[in-house]
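Working notes, beginning with the structure itself.
When reading the values below, keep in mind they use all heavy atoms of this one structure, side chains included, and skip hydrogens, waters and symmetry mates. All values derive from a computational prediction rather than experimental measurement. Lettering of chains follows the sequences in order, A, B, ..., and the numbering in each one begins at 1.
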There are 2 protein chains.
Amino acid sequence: MTVISHQSIRQALLGRIQSGEWALGSRIPGETDLATEYGCARTTVNRALQALADEGLVVRKRKGGTRVCQTPVRQAKFEIPILREQVETAGSNYSHRLVCNKLKRPPPPVRSRLHIPAGGKAAHMQTIHYADSSPFAYEERWVNTQAVPEILTTPLGEISVNEWLVKMVPFSSGDVVFSAVSADEKIADALEIEVGAAIFVIDRTTWLDDAFITTMTLYYKEGYKLYSQL
Amino acid sequence: MTVISHQSIRQALLGRIQSGEWALGSRIPGETDLATEYGCARTTVNRALQALADEGLVVRKRKGGTRVCQTPVRQAKFEIPILREQVETAGSNYSHRLVCNKLKRPPPPVRSRLHIPAGGKAAHMQTIHYADSSPFAYEERWVNTQAVPEILTTPLGEISVNEWLVKMVPFSSGDVVFSAVSADEKIADALEIEVGAAIFVIDRTTWLDDAFITTMTLYYKEGYKLYSQL
DNA sequence: TAGTGGTCTAGACCACTCA
DNA sequence: GAGTGGTCTAGACCACTAT
């Protein structure tokens, strides 16, 4: 007896799509028909189809039926790297050094991103992250002290800003921007590399509900690569 | 009367996690209890919890119960950019130019990635993608002609390799690597920029089932940024 | 307006895994 | 061994939308 599960049905449907039995953009049978065909409850077919829809392989519309997606949306996922883990899984010792920690007026682009009123201040930190004793990444961060006043009284020598924020503000959302820049003197200094080296940059802004928490720019040592999967 | 749905329950549970009512790592009530509490079927609670598990906010184990995730996995998703769409949504005209299209022996790293036997050949293409009349990205690609022999008889002047592959090999998987490099002479030439500029690079290998299809390196014009969300 | 997916229920059995 | 999540079923009603 064949096992009938939503996973096996998903697989079967996927096969019929990949084989071309159901062409791109064409309408596939309704849930009821498929349930009869596979000898299972409609709910089970529904789950399988929902999974395919989540993956962007089919589009479903009430009354319109289910169609194979014209241009399969290719989504890649990746985990936001946590520096300490990144370094330690590579077999090195992680450490960090807080270079600067001042309360001052952020430049306009930062101010608007954190929704800080004109003339307001924010905490500015610069941190160098080390793998063993060589610089691995350089972090420049602004924290909205109105949203996270506790940051002012935390001894940031012991725990990195990075980790503190993850611990204290665990469930937040945000956006991420990747880019490449040439190392200017400040970055080159911090990472102990030459000016002009191509640097991989992650720019990240984080907020909790409507409160803007922090914006950070992370400059990785040259040669860094970020892996992901389709 | 309150609407009871798996979405509303998901939201309610999320709130209890975010508010700290359920601490990080702590065990939360079982499905049956929550079903009683919210006055719905266990199935409904199950769906809500599965959603939270998919998002990486809770971890579920049989007999072990459901626990709030210690280190909320921060996953970012992004859509793999399709060059034509990228350019056209920016309001520019897309075009491309196939600079090179030869069958030759790939260098060892490419050979091993595509699983091509020693001494075997593969199709090598170089394409420049334009936004209006200025270069936008430079693409270097190797295609495994054993897996996709049709590529040899396709007029690649009309349709870009990029699009052809998406159309012909729609349902494949792959991996993606992001990095930054300094433009060498070849890249600088193609993108009409200066040698040494910091270039954002996407490296992508694609396969269908067990057949390795293609590996591609895409060099974006300096200043390019890739946006994503948490 | 009729057809299709979206979702809830109540009950059942199974599979895993912790103690 | 027992408790918890994983999943299937059969039936029902609802919501959207293409025609």
Side-chain angles (χ1 to χ4, degrees), chain A residues 1-17 21-73, chain B residues 1-17 21-73:
Chain A
M1 174 71 189
T2 312
V3 181
I4 298 166
S5 67
H6 64 102
Q7 293 216 19
S8 63
I9 291 182
R10 192 200 82 96
Q11 204 58 39
L13 299 174
L14 184 59
R16 293 170 79 165
I17 292 173
E21 178 182 337
W22 293 329
L24 275 77
S26 67
R27 184 167 167 175
I28 74 181
E31 296 187 347
T32 322
D33 295 339
L34 289 170
T36 310
E37 182 182 337
Y38 287 105
C40 66
R42 180 169 81 92
T43 317
T44 307
V45 172
N46 183 297
R47 273 224 236 174
L49 283 170
Q50 292 237 352
L52 291 175
D54 285 345
E55 297 165 45
L57 289 168
V58 299
V59 179
R60 321 193 70 199
K61 275 185 197 163
R62 285 159 154 135
K63 168 75 179 177
T66 301
R67 290 178 177 280
V68 180
C69 210
Q70 287 276 2
T71 59
V73 177
Chain B
M1 172 74 189
T2 313
V3 180
I4 299 167
S5 66
H6 62 103
Q7 293 215 21
S8 64
I9 291 182
R10 191 201 83 97
Q11 203 57 39
L13 299 175
L14 184 60
R16 293 170 80 165
I17 292 173
E21 177 180 338
W22 292 328
L24 275 76
S26 68
R27 183 166 169 177
I28 75 181
E31 296 187 348
T32 321
D33 294 339
L34 289 170
T36 311
E37 181 181 338
Y38 287 107
C40 66
R42 182 169 78 94
T43 318
T44 307
V45 172
N46 182 295
R47 274 223 236 174
L49 284 170
Q50 292 237 354
L52 291 174
D54 285 344
E55 296 165 45
L57 289 169
V58 300
V59 179
R60 320 194 71 199
K61 275 187 198 163
R62 284 161 156 134
K63 169 72 179 176
T66 301
R67 290 177 176 281
V68 180
C69 212
Q70 286 277 4
T71 61
V73 176

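- A:Ala53 is linked by a side-chain contact (heavy atoms from CB on, under 4.5 Å) to A:Val58, A:Arg60, counting only residues two or more places apart in sequence or in another chain.
- One interatomic measurement links the two molecules: NE2 of B:His6 to P of C:dT9, which rounds to 11 Å at whole-angstrom precision.
- In this structure, B:Gly65 and A:Gln7 both approach DNA chain D, and ranking their closest nucleotides by distance from the 5' end singles out B:Gly65.
- Using a 4.5 Å heavy-atom cutoff, the side chains of B:Cys69 and B:Val59 are in contact.
- How far SG of A:Cys40 is from CD1 of A:Ile9: 3.5 Å, rounded to the nearest 0.5 Å.
- For A:Gln50, the side-chain hydrogen bond (donor to acceptor under 3.5 Å, both in side chains) partners two or more places apart in sequence, or in a different chain, are A:Asn46.
- When heavy atoms are screened at a 4.0 angstrom cut-off, B:Arg67 is found touching no nucleic acid atom at all.
- With sequence neighbours excluded, the residues that form a side-chain contact (heavy atoms from CB on, under 4.5 Å) with B:Arg10 are B:Leu14, B:Ala48, B:Ala51, B:Leu52, B:Glu55.
- Going from atom CG of A:Leu13 over to atom OG1 of A:Thr66 covers 9.5 Å, rounded to the nearest 0.5 Å.
- Scanning for side-chain contact (heavy atoms from CB on, under 4.5 Å) contacts around A:Arg16 gives A:Glu21, A:Trp22, A:Leu34, A:Glu37, A:Tyr38, with sequence neighbours left out.
- Scanning for salt bridge (charged side-chain N to carboxylate O under 4.0 Å, His left out) contacts around A:Arg67 gives an empty result, with sequence neighbours left out.
- Contact check of residues 30-50 of chain A against DNA chain D (heavy atom, cut-off under 4.0 Å) returns A:Cys40, A:Ala41, A:Arg42, A:Thr43, A:Thr44, A:Arg47.
- In this structure, B:Arg60 does not reach the D:dT4 phosphate: none of its side-chain N or O atoms is under 4.0 Å from OP1 or OP2.
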Query raised in the report: Base, backbone or nothing for each nucleotide of nucleotides 14-19 of chain C, written B, S, -, heavy atoms under 4.0 angstrom, 5' to 3'?
Result: -BBBB-

